[in-house]
Amino acid sequence: MNDAPPRDFIRQIIFEDLESGKHDEIVTRFPPEPNGYLHVGHVMSICLNFGVGQENHGRTFLRFDDTNPGKEKEEYVRAIERDVHWLGFDWEDRLTHASDYFGQIYDAAEKLIELGVAYVDSLSADEIREHRGTLTKPGMNSPYRDRPVDENLDLLRRMRAGEFEDGEHVLRAKIDMASPNMNLRDPALYRIRHIEHQRTGNKWCIYPMYDFAHTLSDAFEGITHSLCTLEFEDHRPLYDWFLDQLEPPHRPRQIEFSRLNLAYTITSKRKLNMLIDGDVVSGWNDPRMPTIAGMRRRGYPAAAMRDFVKRGGVTKKDKLIEMGVLENCVREQLGESAERRMAVLRPLKVVLTNYPEDQVEMVQAINHPNNPELGTRDMPFSREVLIERDDFLEEAPRKFFRLKPGGEVRLRFGYIIKCEEVIKNDAGDIVELRCSYDPDTRSGTGTSDKKVKGTIHWVSAAHAVPASVRLYDRLFTVPDPNSVDDFMSVLNPESLETVTAMLEPALQQLAGGEAVQFERLGYFCADSEEHTADALVINRIVTLRDSWAKIEAAAMRLEGKPPNAVVRK
RNA sequence: UGGGGCGUAGCCAAGUGGUAAGGCAUCGGGUUUUGAUCCCGUGUACCGCAGGUUCGAAUCCUGCCGCCCCAGCCA
């Protein structure tokens with residue numbers, strides 16, 4: 001990985017602000033609303049905000065935007081804290097909540113009234129909507145717009161005191177009902193909500209709206225650069241309006257960037273919830289979910305996530321990034337760190353007819369081909385071994401380097417074997433292979449210079465340990481499920497396949513969450529929730545790159561056959 | 001059809017008037033007891049289109065086209 005600091009447009013602005021002396025210290029914040037789990041999109045915001053803080057020796061706040069009680073839960077705040085930590089960032093003592101500032105925000109509301117730029121409106125929600133106009137038609141002033149300051153103050157205080165029902169009144173900024181920017185058509189500042197807040201309990205029955213609370217929270221914390229996504233671009237004039245009216249000691253600047261969309265996934269909370277409610281996935285941390293919790297459970301390393309986001313860059317252009325980029329980051333991380341092991345996902349029995357019945361010998365396997373320091377381990381080798389079903393083909397194309405009738409192949413770290421006989425059941429399915437082995441070809445002995453094209457993985461039948469292995473694939477069949485009317489109609493029915501695999505004995509010791517490479521198959525990790533020493537449960541993180549699959553698919557295309565006819569999964 | 005953004009190769013992305021970096025993907029080739037890794041090589045990008053300014057434009061001007069966001073007492 002390269003460590004050169006990125007120079008996107010936001011970092012350029014920050015650099016200039018430091019150079020010019022506009023700021024001595026950079027202060028940023030990551031401000032999630034605790035109403036759901038964090039997802040890939042948030043990873044970008046987290047890395048940007050905390051990254052910019054770190055790079056400039058500044059400070060970054062983790063602030064919960066908890067201004068809408070009823071939709072927010074403690075469960076989510078704990079999950080968010082865990083996710084941000086897991087990604088490798090530390091807010092130290094800067095964990096805050098918009099609700100920490102409810103008192104100050106309220107004071108600011110009274111000040112706006114005194115300034116004559118806010119008023120209590122007694123129109124109903126429907127009437128307010130009707131008065132707002134449309135994108136092309138200007139709105140109309142509320143009949144309550146010119147209430148005197150004293151009356152506004154009195155009404156707001158009584159709203160706060162709980163004298164009114166939900167929806168009876170609302171505090172609004174007095175800006176311009178004819179503004180082409182809808183956000184400036186007298187936006188609501190405070191609404192009445194007789195509902196208990198997860199942190200402030202029943203102390204308040206009026207709660208500030210996002211724009212008001214967010215701007216002020218930024219100002220109170222001395223945020224210098226308030227980084228958010230593009231959809232808030234239209235809110236910036238309002239953000240600045242608050243600052244102009246209230247003139248707080250610190251004046252933050254809002255800068256917007258485009259959000260990161262991952263192909264073949266969705267991130268809308270509503271839709272993610274539908275997947276859970278519809279039992280398409282097992283929960284927020286299902287390994288197929290694009291949530292941080294899901295990706296963590298899937299086995300994606302935090303470093304890979306950070307690298308992924310870094311490769312995407314920070315711009316204002318809408319992006320839909322290919323899965324391959326993420327997968328490549330994951331492979332790159334794991335390729336270096338994960339130890340290698342052997343496992344057979346779909347076993348086919350192979351009997352070595354000339355190998356002594358009761359003999360078991362230990363062969364030495366390397367834990368990492370590019371890093372000898374990771375050492376070796378011994379694997380039992382015996383007369384009956386299990387190989388991958390699709391490493392044998394009865395009628396193999398010429399470029400098939402694996403086992404075929406009469407053909408030879410090397411059992412990795414073991415011997416070269418030759419297929420002598422194919423055993424089938426009555427239905428014609430291949431159930432067993434009879435092979436001979438060449439005693440002179442044991443790995444590492446150098447007693448034979450025989451060379452074969454292919455090397456396959458295997459496991460000793462008598463010593464193998466069974467495990468439930470989940471093979472994950474993308475959740476959707478189209479790159480942009482969001483652009484489809486009914487996203488549930490493009491679900492990938494094969495996003496999860498569970499097989500009973502046979503693992504080499506050393507895998508018995510795999511710890512929950514630990515990742516290894518199953519040679520020739522991919523990276524796998526023990527499930528952090530369901531895996532135990534007695535019942536192994538393993539997730540496939542990502543497959544290895546598979547150029548054979550490509551050759552095969554290309555051949556299929558040439559012959560005009562459907563691409564999935566023989567492709568293995 | 002009001003306002004705000006965005007448009008550089010399949011996907012990202014540098015570039016800020018001097019003649020188009022890089023990554024991923026693709027396609028070749030080499031090494032390899034993982035068809036992995038690693039290493040080499042591989043793209044006619046009419047810089048959305050059309051005009052204009054200039055000795056010179058992806059960069060400046062004008063017009064057009066396409067895509068995204070905004071009419072919550074959500075964030």
Side-chain angles (χ1 to χ4, degrees), chain A residues 2 7-8 12 31-33 35 65 67-68 70-72 121 123-125 128-129 132-139 166-172 178-185 187-193 206-207 209-211 213-214 228-237 256 258 260 263 269 310-329 331-332 335-336 340 342 366 368-370 399-402 409-414 416 441 443-444 451-457 479 517-522 543-552:
Chain A
N2 90 91
R7 276 297 294 261
D8 50 74
Q12 280 180 38
E33 180 189 13
N35 69 342
D65 228 325
T67 56
N68 192 11
K71 285 198 170 172
E72 298 152 3
D121 198 347
L123 251 24
S124 70
I128 286 181
R129 183 170 5 92
R132 185 153 29 231
T134 68
L135 294 179
T136 49
K137 275 186 306 207
D166 287 9
E168 268 191 76
H169 305 285
V170 63
L171 180 71
R172 294 229 259 168
S179 171
N181 181 343
M182 301 299 287
N183 296 112
L184 264 22
R185 319 248 264 225
L189 267 27
Y190 262 99
R191 75 290 216 186
I192 301 171
R193 275 255 208 297
I206 57 173
Y207 295 96
M209 298 291 292
Y210 161 83
D211 290 291
H214 198 87
C228 64
T229 41
L230 242 33
E231 64 267 31
F232 293 104
E233 217 155 13
D234 287 346
H235 294 239
R236 188 171 1 113
E256 312 84 12
S258 62
L260 177 162
K269 265 163 206 158
K310 188 171 171 183
R311 291 190 201 200
V314 181
T315 64
K316 300 189 72 157
K317 184 177 147 187
D318 294 331
K319 35 184 149 229
L320 182 61
I321 301 182
E322 294 171 343
M323 264 291 196
V325 181
L326 210 206
E327 292 179 340
N328 187 67
C329 292
R331 289 190 188 106
E332 213 167 272
E336 253 182 70
R340 270 95 269 211
M342 290 216 263
I366 285 172
H368 193 120
N370 310 326
K399 283 199 284 187
F400 186 77
F401 302 151
R402 287 113 91 157
V409 76
R410 160 149 244 133
L411 292 180
R412 173 144 239 235
F413 303 128
I416 289 175
T441 57
S443 277
K451 285 256 194 292
V452 285
K453 250 334 205 176
T455 297
I456 63 173
H457 56 96
Q517 182 195 96
F518 286 175
E519 296 218 22
R520 302 211 309 134
L521 295 174
T543 60
L544 250 30
R545 267 158 102 198
D546 188 353
S547 51
W548 169 246
K550 273 182 222 159
I551 294 169
E552 207 176 25

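In the text below, chain A, chain B and the rest are named by the order of the sequence lines, each starting its count at 1. Computed from heavy atoms alone, side chains included, the values below leave out hydrogens, waters and symmetry copies.
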Distance between C1' atoms of B/C47 and B/A58 (Å, rounded)
4 Å
Side chain of A/R129 only, heavy atoms from C-beta on: which candidate in B/C12, B/C73, B/G72 is closest?
B/G72
Looking only at side-chain N and O atoms, does A/R193 come under 4.0 Å of OP1 or OP2 in B/C74?
yes
Give the nucleotide from the list B/C74, B/C68, B/C70 with an atom nearest to the side chain of A/D318.
B/C68
Under 4.0 Å between a side-chain N/O of A/K319 and OP1 or OP2 of B/A13, yes or no?
yes
Could you tell me whether A/A188 contacts a base, only the sugar-phosphate backbone, or nothing, with contacts defined as non-hydrogen atoms closer than 4.0 Å?
sugar-phosphate
By the 4.0 Å heavy-atom rule, please label A/F400 as base, sugar-phosphate, or nothing.
base
Any side-chain N or O of A/Q12 below 4.0 angstrom from OP1/OP2 of B/A14?
no
Is the shortest side-chain N/O distance from A/S547 to OP1 or OP2 of B/A36 below 4.0 Å?
yes
Does A/K453 reach a base, just sugar-phosphate, or nothing at all? Heavy atoms under 4.0 Å.
nothing
Which nucleotide sits closest to the side chain of A/E322: B/A75, B/G2, B/C24?
B/C24
Atom NE2 of A/H214 to atom C1' of B/A75: distance rounded to whole Å?
10 Å
Nearest-angstrom distance, C1' atom, B/G7 to B/G15
16 Å
Quick one: A/L184 CG to B/G4 C1', roughly how many Å, whole number?
12 Å
Does A/T455 use its side chain to pair, donor to acceptor, with the backbone of A/R412 at less than 3.5 Å?
no
Checking all strands, does A/L260 fall into the base, sugar-phosphate, or nothing category for heavy-atom contacts under 4.0 angstrom?
nothing
Base B/G3 paired with A/D234 side chain (donor-acceptor, <3.5 Å)
yes
Once you round it to whole Å, what is the distance between C1' of B/G72 and CG of A/N183?
11 Å
Ignoring hydrogens and geometry beyond distance, is the side chain of A/T136 in donor-acceptor contact with the base of B/U1 at under 3.5 Å?
no
Is it the case that the side chain of A/K319 and the backbone of A/G313 share a donor-acceptor pair, with hydrogens and angles ignored and the cut-off at 3.5 Å?
yes
When you compare B/G48 with B/U33, how far apart are their P atoms, in angstrom units rounded to a whole number?
49 Å
Hey, does the side-chain of A/Q517 have a donor or acceptor N/O within less than 3.5 Å of a partner on the base of B/U34?
yes
Verify, without hydrogens or angle tests, whether A/S179 (side chain) and A/N181 (backbone) share a donor-acceptor contact under 3.5 angstrom.
yes
Looking at A/R402 and B/G35, is any side-chain donor or acceptor paired with a base atom of the opposite kind under 3.5 Å?
yes
With a cut-off of less than 4.0 Å, is there a side-chain N or O of A/R132 near OP1 or OP2 of B/G72?
yes
Dot-bracket encoding per residue of RNA chain B, Watson-Crick/G-U cut-off under 3.5 Å, | denoting interstrand
.(((((((.[[[..)..(...]]]..((((.......))))......[[[[[..)....]]]]])))))).....
What does A/L320 touch in the nucleic acid at a heavy-atom separation under 4.0 angstrom: a base, only the sugar-phosphate, or nothing?
sugar-phosphate
Report the residue (A/V314 or A/R545) whose heavy-atom-nearest nucleotide on RNA chain B is the more 5′ of the two.
A/V314
It should be established whether A/T67 places a side-chain nitrogen or oxygen under 4.0 Å from OP1 or OP2 of nucleotide B/A75.
yes
For the C1' atoms, the ones on B/U42 and on B/G56, what distance do you get once it is rounded to whole angstrom?
32 Å
Base, sugar-phosphate or nothing for A/F413? Non-hydrogen atoms, less than 4.0 Å.
base
Of the candidates B/U34, B/C74, B/C24, the side chain of A/E519 sits closest to B/U34
Heavy atoms, side chains only, cut-off 4.5 Å: are A/R311 and A/I321 in contact?
no
Do the side chain of A/E256 and the main chain of A/E231 share a donor and acceptor less than 3.5 angstrom apart?
no
Mind checking A/M209 for me? I need base, sugar-phosphate or nothing, with any heavy atom below 4.0 Å counting as a touch.
sugar-phosphate
If we take the P atom in both B/G5 and B/A9, what is their distance in whole Å?
23 Å
When you measure only distances, ignoring hydrogens and angles, does the side chain of A/E256 come within 3.5 Å of the base of B/G5 through a donor and an acceptor?
no
Does a side-chain N or O of A/R191 approach OP1 or OP2 of B/C74 to a distance below 4.0 Å, or not?
yes
Rounded P spacing from B/U59 to B/A50 in Å:
13 Å
At under 4.0 Å between heavy atoms, what does A/S179 touch on the DNA or RNA strands: base, sugar-phosphate, or nothing?
nothing
Can you tell me if the side-chain N/O atoms of A/K317 get under 4.0 Å from OP1 or OP2 in B/A13?
yes
Regarding A/I321, tell me which of base, sugar-phosphate or nothing describes its non-hydrogen contacts under 4.0 Å with the strands shown.
sugar-phosphate
Tell me: CD of A/E33 to P of B/C74, nearest whole Å?
10 Å
Does B/A75 have A/Y210 stacked on its base, where the ring centres are within less than 5.5 Å and the planes differ by under 30°?
no
A/L544 or A/T134: which one's nearest nucleotide on RNA chain B is closer to the 5' end?
A/L544
Give a yes or no answer on whether the side chain of A/R331 reaches the backbone of A/T543 with a donor-acceptor pair at less than 3.5 Å.
yes
Between C1' on B/A71 and CE on A/M182, what's the gap in Å once rounded to a whole number?
3 Å
Kindly say whether, by distance alone, the side chain of A/H457 makes a donor-acceptor pair under 3.5 Å with the base of B/A36?
no
Is any side-chain heavy atom of A/V170 closer than 4.5 Å to one of A/I128?
yes
Would the distance check show the side chain of A/R340 and the main-chain N or O of A/E519 forming a donor-acceptor pair, the cut-off being under 3.5 Å?
no
Pairwise side-chain contact, A/I366 with A/F413, heavy-atom cut-off 4.5 Å (strictly under)
yes
Write down the distance between CD (A/E231) and C1' (B/C70), rounded to a whole number of angstrom.
11 Å
Within-4.5 Å side-chain heavy-atom neighbours: A/L544 and A/D546:
no
Mind checking the C1' distance from B/A57 to B/C49? Whole angstroms is fine.
16 Å
Whether A/K550 contacts B/U26 is assessed here as follows: a side-chain N or O lying under 4.0 Å from the phosphate OP1 or OP2. Is that the case?
yes
What is the separation between atom CD1 on A/I551 and atom P on B/G28, rounded to the nearest whole Å?
9 Å
Work out how far the P atom of B/C61 is from that of B/U54, and round it to whole angstrom.
16 Å
May I have the distance from A/N181 (atom CG) to B/G2 (atom P), rounded to whole angstrom?
15 Å
Check whether any side-chain heavy atom of A/P187 sits under 4.5 Å from a side-chain heavy atom of A/M209, and report yes or no.
no
Taking the minimum atom-to-atom distance to the side chain of A/D65, which one of B/A75, B/G2, B/G5 wins?
B/A75
Under 4.0 Å between a side-chain N/O of A/N328 and OP1 or OP2 of B/G23, yes or no?
no
Indicate yes or no: at least one non-hydrogen side-chain atom of A/W548 is less than 4.5 angstrom from one of A/R402.
yes
Any N or O donor-acceptor pair under 3.5 Å from the base of B/U34 to the side chain of A/R520?
no
Chi-based syn or anti call at B/G72, which uses purine or pyrimidine torsion atoms and a 90° bound
syn
